[in-house]
Amino acid sequence: MRVAIPHDLPRETVRARMQRRSHEIGDHIPGGMADVTTAWPSENRMTMRISAMGQALDGRVDIEEGELVFEIDLPPALGFLEPMIAGAVRQQGQKLIGKA
């Protein structure tokens, strides 16, 4: 699943906000029982592992000029949830890079 969130900020600003607020990702997952771990393998890429309700999902967030791109590997069994998850990612991603 790929969700692109447009922005008009410099990459450095988006990176700083994501680094400062990435611990909040788990707070935005329904049920409040998610464990999210993140890492920064490169300057403009954050990887994440989301564990919730017995499922583990891997994802990446790429900071690009003009957009923040979330990619989450959904197993086929959860494919029917993609529209709901994409909407939540879009909404919460905008909050993560908004002014805090």
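None of the values given here were measured: they were computed from a predicted structure. Index from 1, following the sequence.
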Undergrad: Using side-chain heavy atoms (C-beta onward) and a distance below 4.5 Å, is E64 in contact with N44?
TA: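 No; the side chains remain at least 4.5 Å from each other.
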Undergrad: Can you find a pair of side-chain heavy atoms, one from D62 and one from E71, that are under 4.5 Å apart?
TA: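 Yes. Closest side-chain heavy atoms under 4.5 Å.
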Undergrad: Mind checking the CD-NZ spacing from E24 to K95? Nearest 0.5 Å is all I need.
TA: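 NZ of K95 is found 10.5 Å from CD of E24.
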Undergrad: Taking all non-hydrogen atoms of both residues, which atom of L96 and which atom of R17 are closest, and how far apart?
TA: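 The pair with the smallest heavy-atom distance is O-CB, 3.9 Å.
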Undergrad: Strictly by salt bridge (Lys or Arg N to Asp or Glu O under 4.0 Å), give each pair with a member in residues 80-92 just once, sequence neighbours left out.
TA: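 Every candidate salt bridge (Lys or Arg N to Asp or Glu O under 4.0 Å) pair involving residues 80-92 fails, so no pair, neighbours aside, qualifies.
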Undergrad: When you group the ILVMFWY residues by side-chain heavy-atom contacts below 4.5 Å and let the links chain together, are I50 and I5 in the same group?
TA: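 Yes, it is one cluster - the side chains of I5 and I50 are joined through contacts under 4.5 Å.
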Undergrad: So which atom in R45 and which in W40 form the shortest heavy-atom distance, rounded to 0.1 Å?
TA: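 Where R45 meets W40 most closely, the heavy atoms are O-CE3, 3.4 Å.
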Undergrad: Output the distance between atom CD1 (I97) and atom CD (Q92), rounded to the nearest 0.5 Å.
TA: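 Those atoms lie 12.5 Å apart.
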Undergrad: Looking at CZ of R15 and CD1 of I63, how far apart are the two atoms once the value is rounded to the nearest 0.5 Å?
TA: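 Output value for this atom pair is 5.5 Å.
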Undergrad: Side-chain contact, heavy-atom cut-off 4.5 Å: V89 with I72?
TA: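 Side-chain contact under 4.5 Å: yes.
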Undergrad: Might you point out which heavy atoms bring R2 and E67 nearest each other, and give the distance in Å?
TA: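 In terms of heavy atoms, the two residues are closest at NH2-OE2, 3.7 Å.
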Undergrad: Determine, using the 4.5 Å side-chain heavy-atom cutoff (strictly less than), whether L57 and M1 are members of one ILVMFWY cluster.
TA: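 Yes, same cluster.
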Undergrad: Distance-only check: which donor-acceptor pairs under 3.5 Å involve side-chain atoms of residues 73-80, not counting sequence neighbours?
TA:
from: D73; atom 1: OD1; to: R60; atom 2: NH2; distance (Å): 3.0
from: D73; atom 1: OD2; to: R60; atom 2: NH1; distance (Å): 3.3

Undergrad: Any side-chain heavy atom of V14 sitting closer than 4.5 Å to one from L68?
TA: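 Counting from C-beta outward, V14 and L68 do come under 4.5 Å.
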Undergrad: Can you find a pair of side-chain heavy atoms, one from I25 and one from M48, that are under 4.5 Å apart?
TA: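 Heavy-atom side-chain distance check passes, below 4.5 Å.
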